[in-house]
There are 4 protein chains.
Amino acid sequence: MGGSRQQRRGDTRQRIQDVALELFAEQGYEKTSLREIAERLEVTKAALYYHFKTKEEILASLQEDLSRPMDELIEWGKGQPRTLETKQEILNRYSEALIGATPFFRFMHENQATVRELRTGEDFKDRMIRMLDLLREPEATMTDQVRCVSALFSMHAGMLALKDIEGDPEDKRKAILEVATELITQANTPKP
Amino acid sequence: MGGSRQQRRGDTRQRIQDVALELFAEQGYEKTSLREIAERLEVTKAALYYHFKTKEEILASLQEDLSRPMDELIEWGKGQPRTLETKQEILNRYSEALIGATPFFRFMHENQATVRELRTGEDFKDRMIRMLDLLREPEATMTDQVRCVSALFSMHAGMLALKDIEGDPEDKRKAILEVATELITQANTPKP
Amino acid sequence: MGGSRQQRRGDTRQRIQDVALELFAEQGYEKTSLREIAERLEVTKAALYYHFKTKEEILASLQEDLSRPMDELIEWGKGQPRTLETKQEILNRYSEALIGATPFFRFMHENQATVRELRTGEDFKDRMIRMLDLLREPEATMTDQVRCVSALFSMHAGMLALKDIEGDPEDKRKAILEVATELITQANTPKP
Amino acid sequence: MGGSRQQRRGDTRQRIQDVALELFAEQGYEKTSLREIAERLEVTKAALYYHFKTKEEILASLQEDLSRPMDELIEWGKGQPRTLETKQEILNRYSEALIGATPFFRFMHENQATVRELRTGEDFKDRMIRMLDLLREPEATMTDQVRCVSALFSMHAGMLALKDIEGDPEDKRKAILEVATELITQANTPKP
DNA sequence: GATGAATGAGTGTTCATTCAT
DNA sequence: GATGAATGAACACTCATTCAT
């Protein structure tokens with residue numbers, strides 16, 4: 001089933017990342033030991049050290065790979081006019097990015113305490129802040145700022161909370177996106 | 001600084017809880033060792049075990065103490081008519097409960113991966129589900145259901161994300177509550 | 001069931017011994033903690049220390065009480081003529097002593113490694129040697145000496161091994177005694 | 001004294017077993033800590049865990065190695081006719097197996113309480129029962145059954161009790177074997 | 001006659017990491 | 001491109017024991 005020993009040659013690095021992400025997301029970073037990762041891959045722990053200098057570096061490498069879509073989105077956003085349409089499109093694209101890397105975002109969300117003081121954590125937080133900066137207007141009322149925070153986090157929360165409930169993933173994504181869009185629209189509507 | 005050895009007598013249990021919550025919230029559950037807790041209190045690890053059977057039980061005791069307001073709120077909610085006004089009042093009360101136990105909620109949010117397979121985690125999840133059940137109508141559209149989830153989680157996210165930003169806590173609370181209330185109101189508005 | 005708190009007053013020492021013997025025999029000395037004993041008695045560990053200076057002393061006290069029959073038997077034996085009849089009678093009496101203190105002997109047998117370097121262990125071994133000295137003739141052939149050792153140990157082994165097998169305890173005791181008696185008789189029969 | 005660091009390479013597993021058996025037999029299983037074993041070998045505790053998953057597994061590995069002769073004997077016995085001669089030969093071979101693994105059997109005998117709830121203990125008990133089944137006739141009188149039990153246990157007891165007494169080991173073995181053989185012969189002699 | 005609170009020394013076990021081969 | 005063997009530091013937890021009250 002899936003991949004002979006021969007075929008595995010050369011893609012070990014990738015396989016480590018895959019297994020690590022799976023386990024990190026499932027059990028958390030701290031509770032996932034290198035022994036466990038190695039065992040699943042049927043290699044020795046020492047082999048992991050051939051490909052990565054430390055455990056933390058495995059996580060860092062995941063982050064580098066998986067947050068590229070987010071970086072691209074931020075980059076794109078910065079080049080656009082700060083209109084409501086742009087913001088709506090950002091949310092739209094974000095919801096797709098989220099789906100493409102669900103386990104990674106899940107991991108980031110559920111392991112904040114751990115990830116916070118890992119270099120890698122700062123980076124993620126930075127990205128979130130930059131995302132937020134694309135959405136909110138610094139001069140807006142606090143309520144409007146909260147709406148923006150809400151729009152962003154609702155997308156995470158939605159994906160995570162709705163995970164074990166009900167229907168079609170695409171329907172869910174759309175519903176979540178709809179609510180987030182409403183929030184951002186409201187936040188950008190001039191009040192009398 | 002604060003409290004002679006004499007005065008400390010008899011309140012060790014409480015002091016363990018305080019320090020534990022502080023460290024758990026700051027560094028996470030796994031990364032906080034009993035040695036660390038003990039050292040801060042200037043007692044031995046064994047002393048902790050006089051007061052709590054396991055590390056997990058320290059956490060459980062925190063939960064028991066700190067989620068009582070939430071339990072009371074759920075109980076109260078169950079006795080009320082399922083009107084929009086009730087739901088708004090639930091959110092209102094919830095925002096106050098949240099403030100009274102911020103570090104605990106922060107901990108719960110940032111350590112989900114860890115806490116998931118602990119009793120504590122399950123209990124917490126149960127409570128959240130029961131809270132949600134007070135707010136949402138099972139027959140509502142998915143979008144409305146998402147609005148309810150959003151209303152609830154936005155309160156958490158708001159508290160957590162706004163922590164290191166700007167102004168008066170009470171202003172923040174009100175802004176967050178306003179957004180959540182909007183969401184719940186929207187979710188309970190009949191659509192044409 | 002059996003004994004109000006009031007009635008228990010004053011016999012705590014005895015109750016500690018009873019529970020300790022039970023647990024020591026069941027799980028071994030090392031694996032039985034004072035906490036366990038205390039819990040079963042519904043007193044605190046510290047209470048045990050009111051009655052006994054150390055854990056070892058609990059064991060010592062048991063031994064003192066329970067090996068009195070053995071001491072008396074040895075004393076009696078020393079006053080008798082070294083005839084075959086005496087030896088047979090010693091075995092007979094020993095088999096009865098054994099039954100009266102089965103858990104204690106079981107404990108002694110199954111915890112030799114532990115008990116060996118406890119003061120109390122020396123004593124038990126001494127007693128066994130003195131028993132043996134009543135049965136064997138120093139000038140006898142090695143085979144006859146082995147018969148004596150066998151006679152003695154078969155009684156222990158028999159009681160322990162037959163525990164979870166078959167019928168009436170008194171029948172068992174008699175069968176064991178018969179074999180032991182045969183051995184001692186054989187050992188004391190002059191060879192051509 | 002015996003073996004440079006270089007030479008030690010590669011036989012650590014064996015050395016752990018040797019030292020463990022020695023200490024287990026000397027002080028008992030519970031009272032022998034992994035620290036002690038490690039110190040004697042001049043390695044760290046963690047090194048032990050490279051070779052064995054748990055403390056119990058060290059014991060299990062000893063048993064596997066040391067009770068192979070016993071297993072072979074049982075297997076051989078099952079293939080033979082149930083005659084007196086076979087039984088005598090079983091005892092004969094058993095006495096030799098016993099000598100080859102004296103410390104292990106001594107350990108098993110003196111740590112019964114501890115070992116009882118370990119896999120090792122159950123396996124050992126099974127083997128003893130199967131040995132016994134080769135020797136005894138289910139329809140025999142209880143006295144004859146006791147003779148069989150006695151024959152078996154006398155061999156153990158003999159080895160253990162005669163340890164610190166007198167002469168040539170081979171003489172002792174023969175004397176013990178003689179007594180055991182008598183018992184089994186007696187047990188298999190039809191009574192009038 | 002006993003408890004509440006604590007200690008010091010220890011246990012078995014796990015972890016990320018290293019390095020010669 | 002990987003392994004076998006090991007380490008050092010830590011961890012949660014348990015134990016027998018003490019002592020002021």
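In what follows, chains carry the letters A, B, and so on, assigned in the order in which the sequence lines appear, proteins first and then strands, with residues in each chain numbered from 1.
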OP1 or OP2 of E/dA5 less than 4.0 angstrom from a side-chain nitrogen or oxygen of B/Thr12, does that happen here? no
Which nucleotide in the list F/dC11, F/dA2, F/dG4 gets nearest to the side chain of A/Ala46? F/dG4
Here's a test of your reading of the structure: between C/Leu34 and B/Leu34, which maps to the more 5' nucleotide of DNA chain F? B/Leu34
Rounded to the Å, how far apart are D/Glu42 CD and F/dA5 C1'? 17 Å
Select from D/Ser33 and C/Val43 the residue whose nearest nucleotide in DNA chain E is closer to the 5' end of that strand. C/Val43
Base E/dT7 to side chain B/Lys45, donor-acceptor N/O within 3.5 Å cut-off: no
Does any donor atom in the side chain of D/Gln17 or D/Ser61 lie under 3.5 Å from an acceptor atom in the other side chain? yes
Side-chain donor/acceptor of B/Ser67 to backbone N/O of B/Met70, under 3.5 Å: no
First of A/Thr32 and B/Tyr50 reached from the 5' end of DNA chain E, by closest nucleotide: B/Tyr50
Over how many whole Å does the gap from A/Glu36 atom CD to E/dA16 atom C1' extend? 14 Å
Given atom CG of B/Leu41 and atom C1' of E/dA5, what is their separation to the nearest angstrom? 14 Å
For DNA chain E, list all stems, counting runs of three or more consecutive pairs where every pair is Watson-Crick or G-U wobble with both distances under 3.5 Å. E:2-21 with F:2-21
OP1 or OP2 of F/dC15 under 4.0 Å from side-chain N/O of C/Arg35: yes
Judged by atom type as modelled, is there a donor-acceptor pair below 3.5 Å linking the side chain of A/Gln112 to the main-chain atoms of A/His109? yes
Assert: residue with more 5' nearest nucleotide on DNA chain F, out of C/Tyr49 and D/Leu48, is D/Leu48
D/Ile16 has an atom CD1; how far is it from atom C1' of F/dT7, in whole Å? 14 Å
Please pick, from E/dT18, F/dA16, E/dA6, the nucleotide with the shortest atom-to-atom distance to any side-chain atom of B/His51. E/dA6
When you get a sec, tell me which of F/dA6, E/dG10, F/dG1 is the closest nucleotide to the side chain of D/Ala47? F/dA6
Less than 6.0 angstrom from the centroid, inside 45 degrees of the normal: does A/Lys55 satisfy that with respect to the ring of A/Tyr29? yes
If you measure from the Lys or Arg side-chain nitrogens to the Asp or Glu carboxylate oxygens, is any gap between D/Arg40 and D/Glu36 under 4.0 Å? no
Whole angstroms only, please: what is the CZ-P distance between D/Arg15 and F/dA6? 9 Å
Side chain B/Thr32, main chain B/Leu23, donor-acceptor under 3.5 Å: yes
SB check A/Glu110 A/Arg106 (cutoff 4.0 Å): yes
Nearest whole Å is fine: how far is E/dA5 P from B/Phe52 CZ? 12 Å
Just how far, in rounded Å, is P of E/dG10 from NZ of D/Lys31? 14 Å
Could you give the CD1-to-P distance, from D/Ile37 to E/dT13, as a whole number of Å? 11 Å
Assign the ring pair A/His156 / A/Phe105 to parallel, tilted or perpendicular, where the plane angle (0 to 90°) is split at 30° and 60°. tilted
